[in-house]
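Not measured: the values here are computed from a predicted model.
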Amino acid sequence: MTRPSATRFDEDRYKKRNTVERAINKLKRPGRGHSLDKRGYVFLGTVTVATAIIWLRS
């Protein structure tokens, strides 16, 4: 039985995925919007404001 050939490492794809994962982790920090908000529009508004703040700081 032979081992399947290894897939190529796509550096550009990895960088983009890492950026998305870091942004999601920043939104998960305490004090930011989370799924326990009772109204959908409150959650969406909180996440939108938090995203804008993160974007402006970077």
Got more than 12 heavy atoms from elsewhere within 6.0 Å of CD, Glu21?
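Counting neighbours around CD of Glu21, more than 12 heavy atoms of other residues, nucleotides or ligands fall under 6.0 Å, so yes.
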Within this structure, what is the OG1-CD1 distance for the pair Thr48 and Ile53, rounded to the nearest 0.5 Å?
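Nearest 0.5 Å value for the OG1-CD1 distance: 11.0 Å.
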Euclidean distance, Arg17 CZ relative to Asp10 CG, rounded to 0.5 Å:
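Between atom CG of Asp10 and atom CZ of Arg17 there are 12.0 Å.
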With sequence neighbours left out, write down each residue that passes salt bridge (charged side-chain N to carboxylate O under 4.0 Å, His left out) with Asp12, or none if nothing qualifies.
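Expected list: Lys16.
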